[in-house]
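Working notes, beginning with the structure itself.
Just so it is clear: chains get the letters A, B, ... in the order the sequence lines come, proteins before strands, and each one is counted from 1.
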Amino acid sequence: MKSREILVTNALPYANGPIHLGHMLENIQTDIWVRAMRMAGHEVHYVCADDAHGTSIMLRAEKEGITPQALIAGVLEQHRRDLSEFGVAHDWYSTTDSESNRALTYRIWKALVAGGHTESKPVKQLYDPVKDMFLPDRFIKGECPNCHSKDQYGDSCEVCGKTYNPTDLIEPYSVVSGAKPVEKESTHFFVKLADFDAMLQAWLKEREREGGLQSEVVNKLQEWFADGLRSWDVSRDAPYFGFEIPDQPGKFFYVWVDAPIGYLSSFRDYCAAWNARRPDTPLRFEDFVERDDAERMGTEMVHFIGKDIIYFHTLFWPAMLHGARLRTPTAVHVHGFMTVDGAKMSKSRGTFINARTYLDHLDPDYLRYYLATLLGPTLADLDLDLKAFEDRVNSHVVGKWVNIASRTAGFVHKFFGGKLADALPPEEARRYASAAERLSACAAMFEARDYAAATRLIVEVADEANGYVAEKAPWLLAKDESRRAELHVVCTLALNYFRLLAIYLAPIIPTMAGRVAGGLLGTTLCDFRDADAPLLGREIQPFTTRIDRIDPKKIEAMIEASKESLKPAEAGPVVAGAAAAAGSTVTSAATSKSSPSDPRPAGDGTKAGADSAASIISIDDFAKLDLRIGKVLACEFVDGSDKLLRFELDAGELGTRQIFSGIRAAYDDPPKLVGRNVVFIANLAPRKMRFGVSEGMILSAGSGGADLHLLDADPGATPGMPVK
RNA sequence: GGCUAUGUAGCUCAGCCGGUUAGAGCACGGCACUCAUAAUGCCGGGGUCGGUGGUUCGAGCCCACCCAUAGCCA
């Protein structure tokens, strides 16, 4: 198959609250897709960002007594950490409150203005006379005009379900100040969607035909055309946290204008960083974004979103792009929502689970696996049934898959010096080929986002593997010395079944699959084609990597902790909204503690949000680093420190180096690291520590704490070799 | 209220263009095995396919209406 170049995004989490399991559903779905497409040989760029603007953020920052910039910077850090610890491997994670996003937003707006696709007209809206601001519907409450329930929001009644206008409320009041809102007129700016009617209908049909849009999504959108596309109000009055509209002081872009543009500006920042590091193989932003370039290059742009934000992504977004002569999305993949134990996530039941709370108790790959068994290409909602979650992960992952290796590897070490057989006899070769052939269908299932089908197939083959082992009964063969060759073959095939399954499980449970396959077989899992031929004649390691079963006590503890976590957060009704939504306009228990920090740095094209991962350096800066391969000669705990490990590295021509590294939480068995090649900075100024002098720094990936992973070099790298 | 979806064994789901006794996994019961993290293998019980009516030689699958659930309604 021809290798494709794909820009992938998932919806931007709102920077007003922590990542919760609803977000994780989407991020996991997208991440599995990205990993699978890469394993199928395609080039995928996966970016995301925080959605940082809007009234909610502004008010929340005010309430906490900090600037909105400080608020979103703190949240951004949390979001990045939570997502990366779940194994969601965004290539770039930015924020919509960046200078590059401002520039792109302005460019698109100016193109729309120049094309005559905008208009302005007066709009009457409810206004808070005390706070001096216009009130979005969700910031007005009052008595429902239909059922007379008290304290209902301005757009719909949660008791009777009736939708209405905020002006219909009886005894309305502002959620912000409590004042009675008054009607006030203001000029708003609009995008004339009707200009794009024909273009959008054609685009929808074409995308549906090519599989870029689910037909139920296109069906749903028909109602918009049936009623005739109205102009879209894209402006908000000050005070508002967002981008001011060019030449219109006091008018700001509605958050939904610059949010999707954030996909592109995040990607632009990523391209800049990429090109600084790899000028020889540049990544051209234009090839993915400019209409003509994208068409010429055949690049794709794929969005993953929740069903709540369909129309933003399939009407407004393509219209804006088209109006600005930019490429439109190749695909918008829509998923349903997650419920927990059959009901909406509920704070009081403890089923409103934040990503962090989950991570405190359970391994992220468990959830990734469980969700994969449920995820299909439809908009149907998924239920996290906690009992099923426990049972299925324990049965499939541990009982079936890991068990294959765990029950056969021992024989290989006991009788065959840890080496796999050099060849398989015809029956076993046929079995392997047939399993590989059947599993190869997984690649297409992953691409079609039918992970449930892929896991079904994987489980089927795992069952077959266990059946094979039971049928051949290696424990009986082991008792008969004359049947050693047979035993060798059985274990070799079983371990190859295991490896085969690991390859196709890798997109779903990358950490577990990588750890087990790496630890036992000494192989990496990054290409589906590795499944074509079995691993033969190869030495394997003893089976020691445990994948623990889910302990139900940990699930209980997580639920308890989720109940706890909302207690300190009752800060008042900033916004409530549909709390279970997994899309981008989600708010929830406010647990972020942003430290007071400086406001936005001067706009110079670098990312705002003030943090390390993003600023751009020149090639010269990079050249200053002397990165080297070091072979671990010794590694031990450091007395008096619970964070540090002491390393002695063989640095080749540089001699030996002593380095203290704060990775003890992630590597609690230091002798195991001896013999490994690591990457370290050789020209870092030596630093005297209480325990001795540290002569460099060892590189590891991750967010800190137990989430740190040493970098490995492929065979061929020798101590002292420079890393460039 | 309108629209789009969803509703199949205790649980989570699969059922291609309507076609013989409706499938899987988990859970449950029995047997076997003891290599393996009480893991695995074999056998079994369990469903009027949300409801009602209709089209058809034949419907879980098509049509109508109803009920429940979810999301959206610029």
Test Tyr311(A) against every option in Phe316(A), Phe225(A), Trp256(A) by the ring-ring contact (aromatic ring centres under 6.0 Å, His included) rule and name the one that passes.
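Option passing the ring-ring contact (aromatic ring centres under 6.0 Å, His included) with Tyr311(A): Phe316(A).
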Considering only [options], which nucleotide approaches the side chain of [X] most closely?
X         : options                   : result
Val469(A) : rA5(B), rC35(B), rA74(B)  : rC35(B)
Ala470(A) : rU4(B), rU40(B), rU37(B)  : rU40(B)
Phe337(A) : rA70(B), rU37(B), rA74(B) : rA70(B)
Ala388(A) : rG71(B), rU34(B), rC11(B) : rC11(B)
Ser406(A) : rC11(B), rU37(B), rA70(B) : rU37(B)
Tyr311(A) : rA70(B), rU37(B), rC73(B) : rC73(B)
Arg407(A) : rA74(B), rU40(B), rA14(B) : rU40(B)
Leu229(A) : rG71(B), rU34(B), rA74(B) : rA74(B)

Determine the Euclidean distance between corresponding [atom1] atoms of [M] and [N]; express it in Å to zero decimal places.
N       : M       : atom1 : answer
rA39(B) : rG29(B) : P     : 13 Å
rG41(B) : rG58(B) : C1'   : 40 Å
rC62(B) : rA5(B)  : P     : 12 Å
rC66(B) : rG10(B) : C1'   : 27 Å
rG45(B) : rC65(B) : C1'   : 37 Å
rC13(B) : rU56(B) : C1'   : 30 Å
rC33(B) : rU21(B) : P     : 38 Å
rU8(B)  : rG1(B)  : C1'   : 31 Å

Checking all strands, does [X] fall into the base, sugar-phosphate, or nothing category for heavy-atom contacts under 4.0 angstrom?
X         : value
Lys400(A) : sugar-phosphate
Asp463(A) : sugar-phosphate
Val217(A) : nothing
Gly399(A) : sugar-phosphate
Val459(A) : nothing
Leu315(A) : nothing
Phe411(A) : sugar-phosphate

Only pairs with both distances under 3.5 Å count, Watson-Crick or wobble alike; so what is the partner of [N] in this structure?
N       : value
rU20(B) : none
rU69(B) : rA5(B)
rA39(B) : none
rA64(B) : rU52(B)
rA14(B) : none
rA74(B) : none
rC28(B) : rG44(B)

Closest-nucleotide 5' rank along RNA chain B - winner of Leu193(A) and Lys307(A):
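Between the two, 5'-proximity favours Lys307(A).
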For Lys479(A) and for His396(A), find the nucleotide of RNA chain B with the closest heavy atom, then tell me which residue's nucleotide is more 5'.
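With Lys479(A) and His396(A) compared, the 5'-side residue is His396(A).
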Using whole Å, report how far [atom1] of [X] lies from [atom2] of [N].
X         : N       : atom1 : atom2 : value
Arg138(A) : rC72(B) : CZ    : C1'   : 13 Å
Leu382(A) : rG71(B) : CG    : P     : 14 Å
Arg549(A) : rA38(B) : CZ    : P     : 7 Å
Asp383(A) : rC13(B) : CG    : P     : 6 Å
Glu464(A) : rA24(B) : CD    : C1'   : 16 Å
Leu384(A) : rC11(B) : CG    : C1'   : 13 Å
Phe389(A) : rU12(B) : CZ    : P     : 16 Å
Leu386(A) : rC26(B) : CG    : P     : 20 Å

On a plain distance test, is the side chain of [X] in donor-acceptor contact with the base of [N] below 3.5 Å?
X         : N       : value
Lys220(A) : rC3(B)  : yes
Arg230(A) : rA74(B) : yes
Asp391(A) : rA27(B) : no

Answer yes or no: is there an ion pair linking Glu427(A) with Lys472(A), defined by an N-O contact shorter than 4.0 Å?
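Judged by the 4.0 Å cut-off on N to carboxylate O distance, Glu427(A) and Lys472(A) do form a salt bridge.
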Salt-bridge test for Glu428(A) and Arg431(A): reply yes if a basic N is under 4.0 Å from a carboxylate O, no otherwise.
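No, this pair does not count.
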Test log, rule salt bridge (Lys or Arg N to Asp or Glu O under 4.0 Å), inputs Arg438(A) and Glu460(A)
CA-CA 10 Å; Arg438(A) 272 197 294 147; Glu460(A) 213 174 273; 3.2 Å; yes
Ring pair (Phe, Tyr, Trp, His ring centres under 6.0 Å) between Phe190(A) and Trp232(A), worked out
CA-CA 5 Å; Phe190(A) 294 78; Trp232(A) 178 38; 9.9 Å; no
Between Tyr369(A) and His396(A), does the side chain to side chain donor-acceptor pair (under 3.5 Å) criterion hold? Intermediate values first, please.
CA-CA 9 Å; Tyr369(A) 183 79; His396(A) 292 194; 2.7 Å; yes
Classify the ring geometry between His488(A) and Phe416(A) as parallel (under 30°), tilted (30 to 60°) or perpendicular (over 60°).
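Ring orientation, 0 to 90° scale: parallel.
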Whether Arg236(A) engages the ring of Phe253(A) as a cation-pi pair (distance to the six-membered ring centre under 6.0 angstrom, angle to the ring normal within 45°) should be assessed.
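Judged by the rule (NZ or CZ under 6.0 Å from the ring centre, within 45° of its axis), Arg236(A) is not positioned above Phe253(A).
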Measure across Ser406(A) and Phe543(A) and return the closest heavy-atom pair with its distance rounded to 0.1 Å.
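Reported closest heavy-atom pair: CB-CE2, 3.4 Å.
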Are OP1 or OP2 of rU37(B) and a side-chain N or O of Asn403(A) less than 4.0 angstrom apart?
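Checking rU37(B) against Asn403(A), no side-chain N or O comes under 4.0 Å of OP1 or OP2.
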